[in-house]
Amino acid sequence: MIRIGIPGALITVMLSVSNIVLNNYISIYGSDAVASYGIAYKIDLFPIMLSVGLSTGIAPLIGYCYGAGQKERLEKSMRIGMAYGTVLGAMFTVLLMVFSRNFASVFLAEESLVTQTSHFLRLLCFHAPLLGIINMVTSYFQALGRAASSLAVTVLRNVLLFIPGVMILNYFWKLDGVILTQLVVEIVLAVVCLIMYAAASPGKMVSARQSA
């Protein structure tokens with residue numbers, strides 16, 4: 001229980017560290033940029049939390065199928081979970097792109113801040129469909145007791161890719177580069193997660209368990 005719980009705890013710790021780095025770089029461009037990003041991030045939490053809820057909710061089913069040796073059901077559950085997560089994220093991307101100013105106006109009155117927040121929200125929302133892959137694969141490894149794989153995804157996402165990404169993209173594209181770091185990191189991470197999932201496919205994991 002402790003071994004499986006450690007990656008979950010580290011997600012919160014590493015997320016805090018990466019957010020500190022991100023906010024420090026955004027603050028270079030003034031308090032308005034920090035305020036605008038804060039509002040945009042809060043709005044962007046809707047698809048993030050829904051994706052986390054979906055992947056967390058399906059984790060017991062994944063664990064049950066693995067324990068029962070139900071290879072086909074396990075694979076089907078992962079396919080459906082990824083598909084639902086990706087489609088849900090895509091819907092939110094379209095929604096936030098079209099109504100970004102409307103959402104920003106709920107929290108802000110000053111026109112310049114509304115415009116900046118709307119712009120940040122459009123840059124952030126493109127990552128939403130990728131969450132259906134990343135969060136599902138993370139839950140998959142946690143449900144199967146693969147603590148090392150789950151921890152690797154967490155470290156890669158919040159430390160090895162995100163922090164250097166903020167520094168590099170800030171150098172080349174300034175504030176927009178800092179905001180786009182999340183999208184760039186999660187594109188890379190989604191590819192890595194698919195490779196890790198293919199290497200430890202449900203069929204291989206179930207077969208290995210049955211052999212043991």
Side-chain angles (χ1 to χ4, degrees), residues 1-19 41 44-93 124-162 181-210 212:
M1 290 172 62
I2 293 174
R3 186 177 72 252
I4 301 302
I6 286 174
L10 286 177
I11 288 173
T12 303
V13 174
M14 293 181 185
L15 184 61
S16 298
V17 173
S18 60
N19 278 336
Y41 178 72
D44 189 54
L45 278 175
F46 281 99
I48 293 174
M49 291 296 102
L50 285 172
S51 177
V52 170
L54 174 64
S55 60
T56 302
I58 204 172
L61 176 61
I62 294 171
Y64 171 81
C65 293
Y66 173 66
Q70 297 180 358
K71 171 186 171 182
E72 292 182 3
R73 190 180 182 191
L74 178 52
E75 291 177 338
K76 183 178 180 181
S77 298
M78 283 298 295
R79 287 197 304 269
I80 293 175
M82 286 186 185
Y84 269 87
T86 302
V87 170
L88 181 66
M91 290 171 60
F92 266 96
T93 295
L124 285 172
C125 69
F126 282 106
H127 78 112
L130 302 171
L131 298 174
I133 297 172
I134 298 169
N135 290 334
M136 278 297 303
V137 172
T138 302
S139 288
Y140 168 76
F141 285 127
Q142 288 177 335
L144 269 59
R146 297 283 297 272
S149 299
S150 179
L151 181 59
V153 174
T154 300
V155 173
L156 189 64
R157 182 184 210 169
N158 294 301
V159 179
L160 299 181
L161 289 177
F162 189 85
T181 302
Q182 185 170 341
L183 173 61
V184 174
V185 165
E186 294 192 348
I187 289 173
V188 175
L189 191 61
V191 174
V192 172
C193 283
L194 288 174
I195 294 172
M196 291 175 67
Y197 175 70
S201 64
K204 293 178 182 178
M205 294 297 295
V206 170
S207 297
R209 180 186 177 279
Q210 290 174 336

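Atoms considered below: every heavy atom in the structure, side chains included; atoms not considered: hydrogens, waters and symmetry mates. Sequence positions, counted from 1, serve as the residue numbers for this chain.
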Quick one: does L194's side chain get under 4.5 Å of I133's, heavy atoms only?
-> yes
Nearest heavy atoms of P47 and A128, plus distance in Å | CB-CB, 4.1 Å
With a 4.5 Å limit on heavy-atom distance, are the side chains of I58 and Y84 in contact?
-> no
Within-4.5 Å side-chain heavy-atom neighbours: N135 and L54 | no
Take atom CE of M49 as the centre, draw a 6.0 Å sphere, and report whether it contains more than 12 heavy atoms from other residues, nucleotides or ligands.
-> yes
Kindly compute the distance separating CE (M136) from CZ (R79), expressed to the nearest 0.5 Å.
-> 11.5 Å
Y140 and Y197: aromatic ring centres closer than 6.0 Å?
-> yes
Where the side chain of S139 meets the backbone of S55, is there a donor-acceptor pair that is under 3.5 Å apart?
-> yes
In short, L144 meets Y66 closest at the heavy-atom pair CG-CG, 3.8 Å
What's the shortest heavy-atom distance between R73 and Y64, and which atoms?
-> NH1-CE2, 3.5 Å
Looking only at heavy atoms, the pair that brings S77 and C65 closest together is OG-SG, 4.4 Å
Just by modelled atom types, is the R146 backbone N or O under 3.5 Å from a matching donor or acceptor in the S150 side chain?
-> no
Polar side-chain atom of S51 near backbone of L131 as donor-acceptor pair, under 3.5 Å = yes
Flag the pair E186 / L161 as yes when at least one side-chain heavy-atom distance between them is below 4.5 Å, and no otherwise.
-> no
